[in-house]
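Letters A, B, ... mirror the listed sequences (proteins, then strands); counts begin at 1. Just so you know, these numbers use all the heavy atoms, side chains as well, and skip hydrogens, waters and symmetry mates.
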There are 2 protein chains.
Amino acid sequence: MTAVLVIEDDDRIRLALLLALEDEGYEAVGAATAEEGLRVQRRDPADYVLVDLMLPGLDGFECIRHLRRDDDVPVVVVSARDDTHDIVAALEAGADDYIVKPVAIKELTARLRALRRRARAGVTGPAPEPVPVLAFGELEISPDGGEVRRAGKPVPVTRTEFRLLCELAEHAGRVLSRQQLLQRVWGYDSGDERLVDVHVGRLRQKIESDPATPRHLVTLRGLGYKLQR
Amino acid sequence: MTAVLVIEDDDRIRLALLLALEDEGYEAVGAATAEEGLRVQRRDPADYVLVDLMLPGLDGFECIRHLRRDDDVPVVVVSARDDTHDIVAALEAGADDYIVKPVAIKELTARLRALRRRARAGVTGPAPEPVPVLAFGELEISPDGGEVRRAGKPVPVTRTEFRLLCELAEHAGRVLSRQQLLQRVWGYDSGDERLVDVHVGRLRQKIESDPATPRHLVTLRGLGYKLQR
DNA sequence: GGATCTATGACAGTTGCGTGACAAATCCGC
DNA sequence: GCGGATTTGTCACGCAACTGTCATAGATCC
């Protein structure tokens, strides 16, 4: 598994990044200060380091120089400051990329992948690209991998079921009306809403341990369906 | 001297970039279309390529794919569009970095330098390229060596089969649609998807111990194919 | 208890996929 | 060049799986 170290003092941002990265299939570790981050990286090196510029104590630039001194790990700066001077200074200090907050997680992972292609001929060879997984209790959905697992076991779902499930998973916790699902999964602007029922039913047979009393894929009478943890 | 090729259709912007790069000590060459840029790069390869996304004729994404196909030159996208989708698409197509216009020349050169640190052999001369071997159970694929082995024994695969297998291996665990495979293996933008089926079938005959129930090269009905461990 | 909404089983039409056959294109040793 | 072997792309067929519709039964609300 590909590991990412996130050095960021703002708890909320750090947590958000960690969760998002884990959803994308990375193993993510956090550190609130440069000192802590360097210690973590020395003890248990990650494959990538994300670092904020404004940190208490040792700042981001210094942190990058230290990382560079004893390691060749790719470093991406994640900063709120969109300023040429900072960008140039960070890159000169040894960073490989610079992203301005707020971060689009898709962009971040795309940049990590681009970096991986360019990563120096490592001793370990190229790490395989992680496959993002969305988890709902014992249920795992990997939109990119095209598969669904329950308690680790693959569940055979059809294409429509899969699309339906992904759509629900993408909006986890929110209700989606039958109309919305028809629109997004089938591309129908109008149509028989019973169609959705039927497919939801079939899906429940496969992913719920007791289809009669669904725990994840629940009905909101009069509103639609939602997927929850 | 370090040479940079700038592919940009807007004369003013291209000229400004060329002049600025020359001021910074680069040797800069311009091209107004993707086609011209590709021709120039083939005849007289630059060390870096800057490319705009919106180009007449062949667009930036296609241009990047072509560059990637026959070269390993670092590519930086310079675009007016600051949109996550574009950024992700460009990086996926093979770009190494993405800068939003208007460009600060200092940032651009800093990013080029950062890229040079990471650049593979080519700029600095031929480095001993490690031959990465991708393993899938008893299956071994060495993309550089052009070899496939099953349980240590070499398997004779044809060129197309090999490229297909590499493409799948590179995105191990992810579904690739027939369209994507046609695009990436054959370079077709459209075509008969059954072609993929046939080659997958032939490949299975060779690499699967029981081709009837594939364990690695699996079909995801309605989605495509994927290679797994 | 009636009205409304939802679940589910059955069924026929459709689609998707694997396969073998075949011709064109390409490779290769001579 | 040349002829045979290999590789490649196209096609048609048949099976298996999937999809959408409908009717009916059940659940929930008021």
Side-chain angles (χ1 to χ4, degrees), chain A residues 146-148 154-168 175-227, chain B residues 146 148 154-168 175-208 210-227:
Chain A
E147 68 173 356
V148 179
V155 178
V157 292
T158 71
R159 180 181 41 164
T160 335
E161 285 159 11
F162 185 69
R163 290 208 186 124
L164 177 58
L165 187 54
C166 285
E167 198 55 47
L168 287 161
V175 198
L176 291 177
S177 72
R178 293 175 169 73
Q179 278 302 332
Q180 286 176 310
L181 290 169
L182 271 179
Q183 166 68 49
R184 299 184 190 197
V185 177
W186 282 269
Y188 296 174
D189 282 335
S190 68
D192 189 357
E193 301 192 341
R194 306 285 112 236
L195 178 56
V196 181
D197 298 18
V198 173
H199 281 275
V200 165
R202 288 175 180 156
L203 201 42
R204 282 212 263 249
Q205 297 296 325
K206 298 182 180 179
I207 65 172
E208 294 282 0
S209 46
D210 178 12
T213 58
R215 298 186 54 243
H216 298 301
L217 181 36
V218 296
T219 304
L220 283 296
R221 194 184 166 86
L223 298 175
Y225 298 97
K226 94 174 165 180
L227 192 66
Chain B
V148 179
V155 178
V157 292
T158 70
R159 195 157 42 95
T160 0
E161 283 160 10
F162 185 70
R163 290 209 291 183
L164 176 58
L165 187 55
C166 284
E167 198 55 47
L168 288 161
V175 200
L176 293 177
S177 71
R178 289 159 218 277
Q179 278 303 332
Q180 286 176 311
L181 290 169
L182 270 180
Q183 161 73 49
R184 300 184 187 193
V185 177
W186 282 268
Y188 295 174
D189 283 334
S190 68
D192 189 357
E193 302 192 341
R194 314 307 311 282
L195 177 57
V196 181
D197 297 16
V198 174
H199 281 274
V200 165
R202 287 174 180 157
L203 201 43
R204 282 212 263 248
Q205 297 296 326
K206 298 182 179 177
I207 64 172
E208 294 281 359
D210 178 11
T213 58
R215 298 187 54 245
H216 300 302
L217 181 36
V218 297
T219 304
L220 293 153
R221 199 185 166 88
L223 299 175
Y225 297 99
K226 127 180 131 164
L227 193 65

Has the side chain of B/R194 got a donor or acceptor atom sitting under 3.5 Å from an opposite partner on the base of C/dG16?
-> no
Heavy-atom neighbours of B/R215 CZ exceed 12 at 6.0 Å | no
B/V200 near the nucleic acid: base, sugar-phosphate alone, or nothing, with a heavy-atom cut-off under 4.0 Å?
-> nothing
A/Y188 has its side chain closest, among D/dT8, D/dG20, D/dT21, to D/dG20
Given DNA chain C, 5'-ward residue of the pair B/R221 and B/P211, judged by closest heavy atom | B/R221
Would you tell me if any nitrogen or oxygen in the side chain of B/W186 comes within less than 4.0 Å of OP1 or OP2 on D/dT8?
-> no
Answer with yes or no whether B/R202 presents, from its side chain, a donor or acceptor under 3.5 Å of a partner atom in the base of C/dG18.
-> no
Does B/T160 make a side-chain N or O approach to OP1 or OP2 of D/dT8 shorter than 4.0 Å?
-> yes
Given DNA chain C, 5'-ward residue of the pair B/T219 and A/G222, judged by closest heavy atom = A/G222
Base, sugar-phosphate alone, or nothing: which one does B/Y225 contact when heavy atoms must sit under 4.0 Å apart?
-> sugar-phosphate
Please determine, for the side chain of A/R159, which listed nucleotide (C/dG16, D/dT8, C/dA7) has the closest atom?
-> C/dG16
Could you tell me the separation between the CG atom of B/L181 and the P atom of C/dC17, rounded to a whole number of Å?
-> 12 Å
Whole-Å distance, B/R204 CZ to C/dT19 P, equals 7 Å
Will you find, in the side chains of A/R163 and A/T158, an N or O donor that is under 3.5 Å from an N or O acceptor?
-> no
Does a side-chain heavy-atom distance below 4.5 Å link A/R204 with A/Y225?
-> yes
Give a yes or no on whether a salt bridge exists between B/K206 and B/E161, defined as a side-chain N under 4.0 angstrom from a carboxylate O.
-> yes
Taking the side chain of B/V198 as its heavy atoms from C-beta onward, which of C/dG9, C/dT19, D/dT8 lies nearest to it?
-> C/dT19
Rounding to a whole Å, what distance do you find between A/K226:NZ and C/dT6:C1'?
-> 18 Å
